[in-house]
Peer 1: 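Handing you this structure, nothing more for now.
All chains are named by letter (A, B, ...) in the order of the sequence lines, taking the proteins before the strands, and each is independently numbered beginning at 1. All figures in this text were calculated on a predicted structure; none of them were measured in a lab.
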There are 2 protein chains.
Amino acid sequence: MSVRSAFLVLLGPGPRHGYQLKAEFDDATGESWPLNYGQVYTTLQRLEKAGAVASLGEDEDGRIRYELTDHGREEAEEWMASPVQQPLASRDEIAMKVLLAVRTDPGRAVAVIDVQRQATMSTLQTVTRMRAEGGDLPWMLHLDRTAMLAEAELRWLDRAEERLDAEAGADSPKADARLRSTPIEETT
Amino acid sequence: MSVRSAFLVLLGPGPRHGYQLKAEFDDATGESWPLNYGQVYTTLQRLEKAGAVASLGEDEDGRIRYELTDHGREEAEEWMASPVQQPLASRDEIAMKVLLAVRTDPGRAVAVIDVQRQATMSTLQTVTRMRAEGGDLPWMLHLDRTAMLAEAELRWLDRAEERLDAEAGADSPKADARLRSTPIEETT
DNA sequence: GAACGGACATATACTCTGTATATATACCCA
DNA sequence: TGGGTATATATACAGAGTATATGTCCGTTC
């Protein structure tokens with residue numbers, strides 16, 4: 001529902017046509033949310049069908065502008081005012097991969113974690129370099145976010161490996177911390 | 001593509017039917033990935049069409065079991081071996097909300113951040129309580145992940161607020177740290 | 001023994017999201 | 001004048017997710 005909501009917000013200041021919304025959306029969100037033109041017009045059609053926007057018909061240049069209805073303004077306000085409810089840790093592909101590895105081939109889970117750690121560390125390095133170079137606000141916020149989520153992922157990978165070690169039994173507590181990105185800490 | 005990949009992995013050990021895959025999937029991923037039955041059978045049909053699995057026809061109990069083809073086994077292996085490429089910070093609804101607020105109503109952005117911070121802190125508290133209670137491996141990994149991502153989100157919200165303050169001009173650097181969840185730190 | 005509910009098992013319809021692609025005009029510039 | 005780029009809209013299609021229908025089998029309960 002995010003693109004839908006975004007359009008409602010962008011229509012707040014006044015009528016816009018599809019191309020314009022797409023341009024403003026790109027400008028506002030920077031690189032963080034690639035939006036395909038195909039989605040622009042289907043979204044507008046759905047919004048119109050739902051009674052959240054109303055078409056103003058073609059203007060002299062043949063562009064179809066839309067304006068918010070009262071209902072649409074209300075929906076925009078509601079979206080803006082309410083927090084995003086934890087799509088945070090749900091449906092996470094890497095978590096799923098680790099869990100599936102644990103189930104189908106327990107010995108492999110650690111390898112999966114190591115591969116992911118390498119990739120995430122590499123992402124983090126790239127982002128850190130980019131952050132140092134600076135940029136406009138949307139771009140910097142995006143980089144901040146990418147960096148912080150990458151750090152969180154690294155912490156989780158470490159924690160997951162700890163849990164797997166513990167699960168595997170306390171039989172061989174060898175020096176297995178060589179690949180860890182951070183020292184093991186107490187998280188309880 | 002994640003459910004698709006998961007099914008291929010779960011089919012690794014041998015033939016399964018839809019209901020069985022759904023059960024194993026739920027068991028392996030815990031609460032973190034709610035899977036609707038509707039998706040199970042459409043996914044299997046798509047996999048069959050793509051030549052990644054082959055139907056074994058109905059068994060004596062009327063259940064339709066599927067087995068991996070060589071192609072499917074290859075796809076499963078490839079998925080397992082490759083890291084998840086940063087869907088990390090892209091297409092993030094809360095980031096989008098903040099960015100849209102900045103653009104359409106700059107003064108409001110801080111309010112959006114504050115609302116989200118309250119919600120995320122509340123999530124974190126709940127999760128912390130749950131972690132203390134323990135549970136099986138999938139569940140604990142899920143809770144770990146939720147907690148770490150929530151912490152990352154709080155850090156990002158703080159950072160975003162700092163950037164907005166800076167943007168707003170160095171004119172009124174008042175004591176605006178009251179709501180921050182962590183002390184301001186240098187992230188450069 | 002009949003009726004009910006719950007576990008097992010599959011299927012279809014539909015919406016939403018996203019990608020690819022077709023189409024057309026206008027404008028610049030070489 | 002012809003080609004590339006920006007402006008502008010639309011359609012077809014695949015994938016992901018939700019809701020819901022359908023049916024069997026089995027054990028319990030009245």
Side-chain angles (χ1 to χ4, degrees), chain A residues 1-8 10-11 15-27 29 31-53 55-66 75 79 84-87 90-93 96, chain B residues 1-8 10-11 15-27 29 31-53 55-66 75 79 84-87 90-93 96:
Chain A
M1 305 289 274
S2 301
V3 172
R4 177 193 172 106
S5 307
F7 278 13
L8 292 177
L10 289 172
L11 283 170
R16 299 280 190 278
H17 58 266
Y19 194 84
Q20 211 172 355
L21 283 171
K22 153 79 170 150
E24 290 194 27
F25 185 93
D26 287 349
D27 190 33
T29 60
E31 310 293 301
S32 67
W33 200 305
L35 177 63
N36 187 291
Y37 272 115
Q39 244 180 296
V40 173
Y41 299 95
T42 47
T43 299
L44 282 172
Q45 281 159 19
R46 266 199 296 273
L47 282 171
E48 192 177 12
K49 201 173 121 200
V53 306
S55 166
L56 297 176
E58 295 200 2
D59 63 9
E60 68 276 11
D61 295 321
R63 299 174 302 193
I64 306 164
R65 297 198 302 163
Y66 293 86
E75 188 179 329
W79 183 71
V84 174
Q85 292 296 355
Q86 58 154 9
S90 75
R91 307 210 163 181
D92 204 291
E93 192 171 352
M96 183 172 110
Chain B
M1 303 289 272
S2 302
V3 173
R4 174 191 174 109
S5 307
F7 278 12
L8 293 177
L10 289 173
L11 283 170
R16 298 281 190 277
H17 58 265
Y19 194 85
Q20 211 172 354
L21 283 171
K22 151 78 171 152
E24 291 196 28
F25 184 92
D26 287 348
D27 190 34
T29 60
E31 310 294 300
S32 68
W33 199 305
L35 177 64
N36 186 290
Y37 273 115
Q39 241 179 298
V40 173
Y41 299 95
T42 48
T43 299
L44 282 171
Q45 281 160 18
R46 267 197 296 271
L47 281 170
E48 192 178 13
K49 202 173 121 199
V53 305
S55 166
L56 297 176
E58 294 200 4
D59 63 10
E60 68 277 11
D61 293 321
R63 297 174 303 193
I64 306 163
R65 296 199 303 163
Y66 293 86
E75 188 180 329
W79 183 71
V84 174
Q85 292 297 354
Q86 58 153 14
S90 74
R91 309 209 162 184
D92 203 293
E93 193 172 351
M96 183 174 109

Peer 1: With a 4.0 Å cutoff (strictly under), does any side-chain N or O of A:R46 reach OP1 or OP2 of C:dT17?
Peer 2: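 Result: yes.
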
Peer 1: Can you pull every protein N or O that's under 3.5 Å from an N or O on nucleotides 5-7 of chain D?
Peer 2:
{"unit_1": "D:dT7", "atom_1": "OP2", "unit_2": "A:Y19", "atom_2": "OH", "d": "3.0"}

Peer 1: Under the criterion salt bridge (Lys or Arg N to Asp or Glu O under 4.0 Å), I'd like the reasoning laid out for B:R65 against B:E58: C-alpha separation, chi angles, the key distance, then a yes or no.
Peer 2: CA-CA 7 Å; B:R65 296 199 303 163; B:E58 294 200 4; over 6 Å; no

Peer 1: Under 3.5 Å, is there a donor-acceptor pair between the side chain of B:K22 and the main chain of B:V40?
Peer 2: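 No; judged by distance alone, with no hydrogens or angles, the pair does not exist.
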
Peer 1: What is the distance, rounded to the nearest whole Å, between atom NZ of B:K22 and atom C1' of C:dA11?
Peer 2: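 Taking NZ of B:K22 and C1' of C:dA11, I get 16 Å after rounding.
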
Peer 1: For the aromatic rings, using the six-membered ring if either is Trp, is the centroid distance between B:Y66 and B:F7 under 6.0 Å?
Peer 2: no

Peer 1: side-chain hydrogen bond (donor to acceptor under 3.5 Å, both in side chains) between A:E93 and B:W33: does it pass, once the steps are laid out?
Peer 2: CA-CA 9 Å; A:E93 192 171 352; B:W33 199 305; over 6 Å; no

Peer 1: Starting from P on D:dG15, measure out to CD on B:Q39 and report it in whole angstrom.
Peer 2: 13 Å

Peer 1: Give A:G18 one of three labels, base, sugar-phosphate or nothing, depending on what nucleic acid heavy atoms sit under 4.0 Å from its own.
Peer 2: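 A:G18: backbone/sugar contact only, no base atoms under 4.0 Å.
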
Peer 1: Treating B:Q20 as the side-chain partner and B:H17 as the backbone partner, does any N or O pair qualify as donor plus acceptor under 3.5 Å?
Peer 2: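 Flag set: sc B:Q20 to bb B:H17 pair under 3.5 Å.
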
Peer 1: Using whole Å, what does the distance between atom C1' of nucleotide D:dA16 and atom CH2 of B:W33 come to?
Peer 2: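 Value for this atom pair: 10 Å.
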
Peer 1: Base, sugar-phosphate or nothing for B:L35? Non-hydrogen atoms, less than 4.0 Å.
Peer 2: nothing

Peer 1: Let me know the distance between OH of A:Y41 and C1' of C:dT17, rounded to the nearest Å.
Peer 2: 18 Å

Peer 1: Rounded to whole angstroms, how far apart are CD on A:Q45 and P on D:dA12?
Peer 2: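 Nearest whole value for this atom pair: 11 Å.
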
Peer 1: Separation of B:D59 atom CG from D:dT24 atom C1', in whole Å?
Peer 2: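 So the two atoms are 14 Å apart, to the nearest Å.
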
